[in-house]
Amino acid sequence: MARAVSRNQKIGWTIAAWIVALVIFFPILYAIITSLKTEQEAIAGFNLIPSFTFESYQAVQSQNDYFKPFMNSVILSVGSTILALIVAIPAAWAMAFSPTKRTKDILMWMLSTKMMPAVAVLVPIYLIFLRTGLMDTRIGLTILLMLINLPIVVWMLYTYFREIPGEILEAARMDGATLRDEIVHILTPMAVPGIASTLLLNVILAWNEAFWTIQLTTTNAAPLSAFIASFSSPQGLFWAKLSAASTMAIAPILILGWFSQKQLVRGLTFGAVK
Amino acid sequence: MATRQTASLARLMRAPAIVLLLIWMLVPLGMTLYYSFLNYNLLNPTNTSWAGWFNYQYFYTDPAFWESIWNTLVLTLGVLFITVAGGILIAMLIDKPIFGQGIVRILVISPFFVMPPVAALIWKNMIMHPSYGVFADIAKFFGAAPIDWFAQFPLFSIIVIVAWQWLPFATLILLTSLQSLDGEQMEAAEMDGAPALSRFIYLTLPHMARAITVVILIQTIFLLGVYAEILVTTNGGPGFASTNLTYLIYRAARLNFDIGGAAAGGIIAVVLANIVAIFLMRAVGKNLD
Amino acid sequence: MGQITLEGVAKRFGEVEVIPPLDLTIEDGEFVVFVGPSGCGKSTLLRLIAGLEDVSDGRILIDGTDATDASPARRGLAMVFQSYALYPHMSVRKNIAFPMKMAGLPQDEQSRRIEAAAKALNLTDYLDRRPGQLSGGQRQRVAIGRAIVREPSAFLFDEPLSNLDAALRVGMRLEISELHNRLKTTMIYVTHDQVEAMTMADKIVVLQAGRIEQVGSPLDLYNRPRNAFVAGFIGSPRMNLFSGAVAAEYGAETVGVRPEHISVSAEGGKWKGRIGVSEHLGSDTFLYVEETGLAETITVRSDGEVSLRHGDTVWLTPNEDKIHRFDRNGDRIA
Ligand SMILES: Nc1ncnc2c1ncn2[C@@H]1O[C@H](COP(=O)(O)OP(=O)(O)O)[C@@H](O)[C@H]1O
Ligand SMILES: [Mg+2]
């Protein structure tokens, strides 16, 4: 019984929604516009039409070696997510298809580790990294980010796996599949959409992580979050350059994010809202 | 599924994740607890001694501690209020039949994907800067004096930035919940002559209650840990005006090298986070089976 | 070969004993149906045989060798699940090939068996489709095809037809029976539908609360139900059961007489009653007779041409040779 909405009403709502959306999006849009200005234009007052110069992008690369933190971001976010998946897929398989009385408790406990404030373990992690030489290394940070996101990865996979009927895995077992066959030939291909969205969301979370990356890196392993944070104490005029660096830092993840909106809700609420 | 063979395989499959998380939780927390009872400063590491409750006492009696607790509270509640209220309104707006709904959604969700330092720097320099920001341009246009937001309203400015980052999250989740609202129920209420406001209060809000709870609880966890936004904008200042608990502990550890003090602060943060966590676990746990 | 023997097999889930110790032998080539009400443990028993659950007690022998601790794969049995349990990401061809791939059969042998199974099951045109693109009946056939190609020593079916609509169910029932006639492989078939049991089985195992109530051929069960439960469960419409004075007259606690063993007359007979509902099926008429003073209603099966109607007074006469007598425990007397 969908009610026909009058055209005028629809146009009214459309205008209102677009205004709100553009206001919310404006800071990002303005950063993108500013990145295409010269430094003089950038501070010359409000102006939405840039001169479309890419000089700031070139400057960021040549003066600050932008490529290095960018690669660090890629390595840290993808690396930590893949590590987490390797540990989490078997765990989620076990909890989804061979649950015990304690499975629920284990899942809740895993979630609770996610609630530990990072700052509470800043001191020991900082000291451990200092003493073991992990400070400012990609490997150290990759492992740390993996641990931070592991509970979310397990949870997301678990909620996806639970949607796969156990009978299908049993059928495979009857058909002579070993556990390895079962995971490789049946479970994983069936869960590909779920695994992909888990991967996507966790790359996003790891890419945007900005506490540990700032605490535990200086130059070598610094990803974009730490790199951009170092712009907070600027010398001279740098509006356009800052915008260029910001645009490059957020563009890849913004695009990934647009693709994963739906899974985002599910992942970030641990399946509580679908 | 439940043969001994699969059960023991399952135990093996679960073990790595559990062991890793167990270590990740117990070792650092144990160390924090231990350090919190030490006089331990990285500038003078040879002079380490047992401190008893001194670090806690020190934190407890420091006016900056109470100020930071207050700031944490204001920051968290302020952002929660803006994001939940704004999220409900925007979700209901986007849920209306509109042209280009997909693009509107994408625009609205975008700030969530902006990493905190970038978000803070864009707002600090492009929007709220007293001479070059858009707000200043607007003020000048109307002939008013531009406001130096971060100097005059530091905490409020940070609230604005953080709220901007989390508004999309709240909107998206509330929108998801709204879209699962039973259209027939709404139509029945409309046929019964219920006006729009009471439909909202008696049907829409209760339906979204669960999603709102989830938004509040999950955001709270992240909001208690706001850090990068403060670091790149106000550095916690002026004075301690925009220092939250996280930032205060960071300051103790990294700027004052006071390991013992920072550890004590960390334990306090854990206690506070746990109080929130208990509520979250309840809400999420209900959905398990 | 496919002889399966259960010796003292029992299953407990925690404290709950779902299957008390039971013994059962299924001969090679037999079509055995486990029938019983929902929740009585049929699936559990089948899954114990399949190896998908561990027995709590007892032994399972397959062709004389102890398979109690063997993994499902090594028992050489094939199972068709109620939900079909097809692999949704694989084509029909790959679904059917999967068990052979796991067994490491050569490629040409795999293709040969797939072609043969597809031909037998009318699936040749659908081999490259995904399960999601098939109808319920076709999915069921794919599941059967996947079982056939393994050339198992026995097939296990768990309510395979319960997700199909009535017309398809009859067709598939025939197909499975034909399959059994052709392959002559042991089949164990679980259903809660006694019509399926009666029409398909060589041997029926009636289960209630995990216990075996009776084992026998369909006609055995029909003619000589061992107790009141089996008497009531087997046969459609259900057997009429009476207690009290009528039963005492026959020296029993309970007596039963099937609807088809009661004759009805407008003139006279043993029991008087009034017709409640009458169902005209064309071939038969089912009369539900009330106000007899013996039971709430008595079901009578009459021929299709009967002209009695609602409210008519009728006389019923049971066929004395076909009266079943049960004692206080519900067990058959003589
Ligand atoms: N994994 C299990 N854990 C606990 N109880 C179970 C389990 N599987 C089955 N049961 C119980 O065992 C009984 C028999 O179940 P089932 O074999 O599925 O019955 P049927 O197939 O005859 O309908 C039911 O009461 C059911 O609740
Ligand atoms: Mg069953």
Side-chain angles (χ1 to χ4, degrees), chain A residues 85 88-90 92-107 156-200 259 262-263 266 274, chain C residues 13-15 43 46-47 49-54 70-91 94-105 130-132 139 142-160 163:
Chain A
L85 282 176
I89 288 179
W93 169 85
M95 294 198 261
F97 298 112
S98 189
T100 65
K101 279 187 222 92
R102 284 195 320 230
T103 295
K104 191 175 162 174
D105 295 331
I106 292 174
L107 278 164
M156 283 188 74
L157 290 176
Y158 171 77
T159 61
Y160 284 113
F161 284 1
R162 261 173 43 126
E163 286 171 12
I164 295 174
E167 281 198 348
I168 290 186
L169 299 189
E170 291 184 334
R173 230 169 277 169
M174 292 294 295
D175 283 346
T178 60
L179 175 65
R180 204 184 136 272
D181 295 323
E182 191 181 315
I183 290 186
V184 172
H185 294 298
I186 309 294
L187 180 65
T188 306
M190 279 184 73
V192 158
I195 293 175
S197 24
T198 308
L199 188 127
L200 217 56
F259 284 113
K262 270 278 169 201
Q263 288 72 31
R266 195 174 154 149
K274 275 185 206 163
Chain C
F13 290 112
E15 299 292 293
S43 297
L46 197 69
R47 292 163 57 83
I49 295 171
L52 294 169
E53 301 276 1
D54 284 324
S71 69
R74 288 221 237 96
R75 299 190 184 198
L77 310 175
M79 183 142 165
V80 175
F81 292 87
Q82 183 173 358
S83 64
Y84 317 135
L86 300 180
Y87 311 125
H89 58 292
M90 298 182 190
S91 65
K94 291 217 167 113
N95 261 281
I96 298 178
F98 188 74
M100 297 187 283
K101 185 172 153 194
M102 290 297 108
L105 251 60
R130 294 277 175 93
R139 283 181 215 182
V142 177
I144 293 174
R146 195 173 61 182
I148 292 177
V149 293
R150 291 184 55 195
E151 302 184 347
S153 52
F155 290 91
L156 312 179
F157 294 91
D158 191 355
E159 310 219 11
N163 285 341

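Chain letters run A, B, ... following the sequence lines, proteins first and then strands; every chain starts at 1.
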Item to complete: Could you please state which residues from residues 187-195 of chain A sit under 4.5 angstrom from chain C, measuring non-hydrogen atom to non-hydrogen atom, sorted by number, or 'none'?
Response: A:P189, A:M190
Discussion item. Can you tell me which portion of C:M100 sits under 4.5 Å from chain A's heavy atoms? Options are side chain, backbone, both or neither.
Written reply: neither
Worksheet item: Which value, rounded to the nearest 0.5 Å, describes the distance between C:M102 atom CE and A:T178 atom OG1?
Response: 7.0 Å
Item to complete: Verify, without hydrogens or angle tests, whether C:R150 (side chain) and A:M174 (backbone) share a donor-acceptor contact under 3.5 angstrom.
Response: yes
Fill in: Positions in residues 77-89 of chain C that reach chain A, provided some heavy atom is under 4.5 Å away
C:L77, C:A78, C:M79, C:F81, C:Q82, C:S83, C:A85, C:L86, C:Y87, C:P88, C:H89
Response to the item:
For C:A73 and A:G176 the tightest heavy-atom approach is CB-CA, 3.3 Å
Worksheet, complete the sentence: Looking only at C:A103, C:A147, C:A50, most heavy-atom pairs under 4.5 Å shared with chain A are made by C:A50
Item to complete: With side chain to side chain contact (heavy atoms under 4.5 Å, CB included) as the test, would you mind laying out the steps for A:I186 and C:M90 before giving the verdict?
Response: CA-CA 9 Å; A:I186 309 294; C:M90 298 182 190; 3.7 Å; yes
